[in-house]
There are 2 protein chains.
Amino acid sequence: MCVIISLTEENYLKAIYTLSHLFEESEVSTNQISDHLNNKAATVTDMLKRLAEKKLIHYIPYQGVKLTEKGRQTAIKVIRKHRLWEVFLVDKLQFKWDEVHEIAEQLEHINSDELIQRLDKFLGKPKFDPHGDPIPDANGQLNVVKAIPLNQHKIKGQFTFVGVCEHSKTFLQHLTSIGLKIGDVLKVEEINEFDNSFKVKINKNNSQFFSNKVASNILVEIKK
Amino acid sequence: MCVIISLTEENYLKAIYTLSHLFEESEVSTNQISDHLNNKAATVTDMLKRLAEKKLIHYIPYQGVKLTEKGRQTAIKVIRKHRLWEVFLVDKLQFKWDEVHEIAEQLEHINSDELIQRLDKFLGKPKFDPHGDPIPDANGQLNVVKAIPLNQHKIKGQFTFVGVCEHSKTFLQHLTSIGLKIGDVLKVEEINEFDNSFKVKINKNNSQFFSNKVASNILVEIKK
DNA sequence: CTTAAAATTTAGGCTAGTCTAAATTTTTGT
DNA sequence: ACAAAAATTTAGACTAGCCTAAATTTTAAG
């Protein structure tokens, strides 16, 4: 029941979880993991053997890897902690949304169920983190986000900005400089046929152009 | 300037700091450290060599060890983080004072100056942790507590309860069950000559007896 | 369908941090 | 002051995580 899972192992499980959702394939490869975690394939192979030993993954040599239910629960719990701490950092300590990732990467490994339960309550049981990513509940249930990138809507109309695909500091800072925050209403007034840029009005402000690249990393829902 | 200090090294520095203050001697011995950290003397010797290499301690084989200024600053910073997080856990998350130590032992190693600065501000720049221990300031200055154990006052009179010598869960729970909290006023009405127990009134409540052992672990100041 | 390229694993080595057992140094008791 | 006890260090071994280089397996291209 209570196998001890190290910080490093938690990071591997999180990586496998993230990659399997990123590419919408259940099997994740050794190279995908080594790229994601910035270490060597041989190192990953070592760890996969250990994780399989602990029944946290299903591992077939040369084939790939996927999480067991126990592995998935562990990964989800780390993600829950990461996102709750991000809410804490932004809502309570007034960090900006582009400043919290590195600190949350540390805090996500703090091990105390009681702490997380109380932190969740203290924050008002938030459903989304500062980047719009859903926070898994205490039972490991995760809302599936049905939002899609702005550039996949080929029509004019009104949308709500609910999340980002790209989480890099530079992209988030760019959105801040544009004046865009989670929850803003985006009115697409024009889609430029030449470069597929989007002419957009944020809330009631002046309209401006979003490059297709920016539009492809902004998740929106059709405004109700 | 920026030597990386591991979590384990931080724990050794904190142990050396704590022990040197506990026994009011600048030199700390290998055995004291190994007892305090629950590992073997040989393990400690290894680590002392590494810490000396990094100029965090002055180490003379067979003689003992003391912190360099850099080692002291590092230790103090860990203690500052530990105590600030304890305030967070008690004041914001409503943990009890006997529940926070283990979690703070983890949180004290989170590495972000910006985080600590903001946490400090969020908590209202507290000067003491939930057990009455002083919180070092951002420059590593630590208020010296001039309180002494209740049983060293051989006289009747009024005192303020400002801290504890013993931080164990059972002792803290015992104080809670007695109804004693930091800041309470203690009126010593009688000192029993037979067993050196203290008849004490807490605030305006009924008086009760404190064993000498309890009295020796309660830090008080003479009430102004 | 065969072979070159790509992906993966194996083999062997490194460091940090731990241990036990043996050797050494310091302290203490008479 | 000297032997026994206590404290400390050295030597050698182990695990977790990482690495490089070589071997193996899978994939892909002609």
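All values below were derived from every heavy atom in this structure, side-chain atoms included, with hydrogens, water molecules and symmetry-related copies excluded. Each chain gets a letter, A, B and so on, in the order its sequence line appears, and its residues count up from 1.
Going from atom CG of A:L48 over to atom C1' of C:dA7 covers 13 Å, rounded to whole Å. Summarising the geometry, the separation between CG on B:D35 and P on D:dT8 is reported as 10 Å, rounded to the nearest angstrom. For the pair A:E53 CD and D:dA16 C1', the interatomic distance rounds to 14 Å; values are reported in whole Å. Rounded to an integer number of Å, the gap from CD1 of A:I33 to P of D:dC18 is 13 Å. Separating the CG atom of A:L37 from the P atom of D:dC19 is a distance of 10 Å, rounded to the nearest angstrom. Between the CG atom of B:N31 and the P atom of D:dA5 there is a distance of 18 Å, rounded to whole Å. Note: CD (B:Q63) to C1' (D:dA7) measures 11 Å, nearest angstrom. In this structure, B:I4 places its CD1 atom 15 Å from C1' of D:dC18, rounding to the nearest Å.
The side-chain tip of B:K213 does not point at the ring of B:F171 from less than 6.0 angstrom away and within 45° of straight on. The side-chain tip of A:R118 points at the ring of B:F95 from less than 6.0 angstrom away and within 45° of straight on.
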Write out a two-atom table: protein N or O, nucleotide N or O from nucleotides 2-4 of chain D, distance below 3.5 Å.
none

At a cut-off of 3.5 Å, list every protein nitrogen or oxygen paired with a nitrogen or oxygen from nucleotides 16-23 of chain C, distance to 0.1 Å.
residue : atom : partner : partner atom : Å
C:dG17  : OP1  : B:S6    : OG           : 2.6
C:dG17  : OP2  : B:R50   : NH1          : 2.4
C:dT18  : OP2  : B:Y12   : OH           : 3.4
C:dT18  : O4   : B:D46   : OD2          : 3.4
C:dC19  : OP2  : B:K40   : N            : 3.0
C:dC19  : OP2  : B:T43   : OG1          : 2.5

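Looking at heavy-atom distances under 4.0 Å, B:T45 makes contact with a base.
Remark: B:K96 pairs with B:E99 by the salt bridge (charged side-chain N to carboxylate O under 4.0 Å, His left out) rule, at least two apart or across chains.
Closest approach of B:G140 and B:I76 over heavy atoms only: CA-CG2, 3.6 Å.
For an aromatic pair to be called close, the ring centres must be under 6.0 Å apart, and A:H101 with A:H167 fails this. Annotation: A:F88 is in aromatic contact with B:F88 [ring centroid separation under 6.0 Å].
Remark: the A:Q106 side chain and the A:E102 side chain contain no N/O donor-acceptor pair separated by less than 3.5 Å.
A salt bridge does not link B:D137 with B:K125: every distance from a Lys NZ or Arg NE/NH1/NH2 to an Asp or Glu carboxylate oxygen is 4.0 Å or more. Residues B:E69 and B:K55 are not paired through a salt bridge, judged by the lack of any N-O separation under 4.0 Å between the basic side chain and the carboxylate.
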